[in-house]
Novice: 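Please find one structure pasted underneath; my questions will follow.
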Amino acid sequence: MPTSWADSVAAAENAAAGSYVGNSNSLAPNRSTYVPPHLRNRPGSAEAAPPPATANTGSTSAVPVVGGGAPNRWAAPVPAPRNDFRSGYNGGGGGGGGRGGGGGWNNRSGGWDRGRDREVNPFGDEENTTSEQDFLEQENTGINFDAYEDIPVETSGDNVPPPVNTFAEIDLGEALNLNIRRCKYVKPTPVQRHAIPISLGGRDLMACAQTGSGKTAAFCFPIISGIMRGQFGQRAPRMPRTACPLALILSPTRELSCQIHEEARKFAYQTGVKVVVAYGGAPINQQLRELERGVDILVATPGRLVDLLERARVSLQFIRYLALDEADRMLDMGFEPQIRKIVQQMDMPPPGVRQTMLFSATFPKEIQRLASDFLANYIFLAVGRVGSSTDFDCAKS
Ligand SMILES: Nc1ncnc2c1ncn2[C@@H]1O[C@H](COP(=O)(O)OP(=O)(O)OP(=O)(O)O)[C@@H](O)[C@H]1O
């Protein structure tokens, strides 16, 4: 099925922020003492995890394991904005109101704080602009989301959770809802509308969506929300000098990893969820120091992560969420051996135990193989651009 993304999206790049209609919250930083991962989620603070997927489509086939070394060829320059639809999703109307924060959320609210290592406000000066009045003043200055209504969306799989039209329909938790408003996201993009309920429902996801379609939030929101809920039960003690993240986001390049990290830090601000990035082409020592300070979500490029795993500075045994962004690009760049090593040959929990989200702009045979090897009972989602099939082909065969 050739699908594609609305050409009109490109015109939205310079659109201004949209409106906010929702709760008003105190924005005063509420920093609490950093709680090491092994002390979090003790029984009593955790809400029961949603049941694992029960659908019986998809595949869980075993895979031939392919080993591989760790290339250190990440030499992309300092993170720079990607050439995509960034800033393009600021529509008028919609509901950004939060309704989280109720029962079921553990006590992770408040930023992490460990000794002198305090959470920096990733919004900078914007922190003081998030009063309800400010949001209201931004109303109707953005693009019209109606432009996206005609985008073809295909889902397949058993018991696909229905899409949402607003963030308010999803119980993401108050702290995350506040950050969504700080980001001035008024309404979910098509990939977010479909992917977030699927992931929050505990399902594995194979998503075909273009760069700039809002994928970062689509996989970050469920991860952050899930970690905030503390739905994993008791954790084993953290090993000395070995970081044990709960979530891993793999991306092909240093540039992309840094941008995901930047976005994820905003989404996770004051939630108690700590995001760290590790990429090649840069000295490893600073990254090691960051990892030693604790990490919940690790954003990494494959080569550097293999290096960290071989040094036993990272363990994947507590991974509950795995997201692979731009998987086709990772394969094009020759990183299938590293990816398979990370996912299949180290200590990562198997499909069905962890939750996996695979994002790719295309769906060739190699990606289909990866999907059947890495995902369990997955839901297939394709979000496309109207009128273009040259740069986006999600045909399943
Ligand atoms: N719901 C939303 N409302 C407003 N802006 C949004 C929304 N979702 C994403 N954006 C913004 O749109 C831009 C593109 O989003 P994002 O970076 O998530 O795309 P992406 O699909 O992850 O791209 P890539 O494939 O490069 O990772 C970003 O500037 C992001 O902040």
Side-chain angles (χ1 to χ4, degrees), residues 4-6 9-20 22 76 79-96 122-123 126 135 138-139 141-145 147-148 151 163-170 172 176-177 179-196 207-224 249-267 269 277 299 301 323-330 357-362 381-385 391-392:
S4 46
W5 190 247
V9 172
E13 274 198 59
N14 297 319
S19 66
Y20 159 64
R82 278 170 286 167
N83 183 21
D84 54 26
F85 308 124
R86 229 149 282 276
S87 308
Y89 299 98
N90 299 302
F123 295 96
E126 290 176 33
F135 280 118
Q138 291 160 5
E139 201 167 13
T141 57
I143 62 163
N144 188 348
F145 254 71
Y148 307 123
I151 290 169
V164 292
N165 289 312
T166 65
F167 290 118
E169 290 173 52
I170 326 165
L172 291 169
L176 182 47
N177 279 332
N179 291 331
I180 292 171
R181 298 198 293 272
R182 283 172 169 141
C183 287
K184 303 179 176 67
Y185 291 6
V186 173
K187 191 174 175 180
T189 68
V191 70
Q192 292 163 5
R193 290 183 56 219
H194 291 263
I196 292 173
C208 270
Q210 279 200 320
T211 290
S213 54
K215 290 180 279 121
T216 310
F219 57 73
C220 281
F221 289 0
I223 291 174
I224 294 167
I249 299 169
L250 278 179
S251 86
T253 64
R254 165 183 176 169
E255 178 197 29
L256 183 54
S257 292
C258 289
Q259 290 181 42
I260 293 170
H261 177 237
E262 288 299 303
E263 294 284 300
R265 278 179 58 229
K266 291 179 184 168
F267 303 149
Y269 181 55
V277 64
V299 184
T301 52
L324 295 100
D325 195 18
E326 303 202 0
D328 50 353
R329 199 164 148 211
M330 286 199 272
M357 294 168 265
L358 184 55
F359 286 80
S360 178
T362 59
L381 166 68
V383 182
R385 176 163 67 191
D391 57 347
F392 185 54

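Heads up: numbering here begins at 1 and tracks the sequence. Numbering of ligands and ligand atoms starts at 1, following listing order.
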Novice: Under 4.5 Å between any side-chain heavy atoms of I260 and D325, yes or no?
Specialist: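 I260 vs D325: side chains touch.
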
Novice: Please work out, at 4.0 Å between heavy atoms, whether the side chain, the backbone, both, or neither of Q259 comes within that distance of ligand 1.
Specialist: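 The answer is neither.
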
Novice: At under 4.0 Å between heavy atoms, is it the side chain or the backbone of Q210 that contacts ligand 1, or both, or neither?
Specialist: backbone

Novice: Taking only heavy atoms of K187, which atoms of ligand 1 are found under 4.0 Å from at least one of them?
Specialist: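 So the answer, numbered in order with elements, is 1 (N), 2 (C), 3 (N).
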
Novice: Looking at T166, is its backbone amide N or carbonyl O close enough to the side chain of E169 to form a donor-acceptor pair, meaning the two atoms are under 3.5 Å apart?
Specialist: yes

Novice: Might you work through the side chain to side chain contact (heavy atoms under 4.5 Å, CB included) test for F267 and I180, ending with a clear yes or no?
Specialist: CA-CA 7 Å; F267 303 149; I180 292 171; 5.6 Å; no

Novice: If the cut-off is 4.0 Å to any non-hydrogen atom of D325, which atoms of ligand 1 fall inside it?
Specialist: 27 (O)

Novice: How long is the span from the CD atom in E255 to the OG1 atom in T301, to the nearest 0.5 Å?
Specialist: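 With rounding to 0.5 Å, CD (E255) is 12.5 Å from OG1 (T301).
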
Novice: Geometry only, no angles: is Y185 polar-contacting ligand 1 at N/O separations under 3.5 Å?
Specialist: yes

Novice: Atoms of ligand 1 less than 4.0 Å from S213 heavy atoms?
Specialist: 19 (O), 20 (P), 21 (O)

Novice: For the side chain to side chain contact (heavy atoms under 4.5 Å, CB included) test, which of L324, T216, V299, V277 pairs with I249?
Specialist: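 When L324, T216, V299, V277 are each tested with I249, the side chain to side chain contact (heavy atoms under 4.5 Å, CB included) holds only for V299.
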
Novice: Side chain, backbone, both or neither: which applies to V191 and ligand 1 if a contact is any heavy-atom pair less than 4.0 Å apart?
Specialist: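 Under 4.0 Å from ligand 1, V191 contributes no heavy atoms.
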
Novice: Is there a polar contact, in the sense of an N or O pair closer than 3.5 Å, between V186 and ligand 1?
Specialist: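 Among all N and O atoms of V186, none is under 3.5 Å from an N or O of ligand 1.
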
Novice: Backbone, side chain, both or neither: what part of I260 comes under 4.0 angstrom of ligand 1, heavy atoms only?
Specialist: neither

Novice: Can you find a non-hydrogen atom of F167 under 4.0 Å from ligand 1?
Specialist: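 Judged by the 4.0 Å heavy-atom criterion, F167 does count as contacting ligand 1.
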
Novice: Could you list which atoms of ligand 1 come closer than 4.0 Å to a heavy atom of T216?
Specialist: 16 (P), 17 (O), 18 (O), 20 (P), 22 (O), 27 (O)

Novice: Find the distance between CD (Q259) and OG1 (T253) and round it off to the nearest 0.5 Å.
Specialist: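 That separation rounds to 7.5 Å.
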
Novice: What I'd like to find out is whether the side chain of I170 reaches to under 4.5 Å of the side chain of F221, using heavy atoms alone.
Specialist: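 Result no, sub-4.5 Å side-chain heavy-atom pair not found.
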
Novice: Return the NZ to CG distance between K266 and L176, rounded to the nearest 0.5 Å.
Specialist: 14.5 Å

Novice: Relative to the heavy atoms of E326, which atoms of ligand 1 are at a distance of less than 4.0 Å?
Specialist: 24 (P), 25 (O), 26 (O)

Novice: Would you kindly specify which portion of F219 sits under 4.0 Å from ligand 1, judged on non-hydrogen atoms: side chain, backbone, both or neither?
Specialist: neither

Novice: Check whether D328 reaches the backbone of A361 with its side chain - one donor and one acceptor, N or O, closer than 3.5 Å.
Specialist: yes

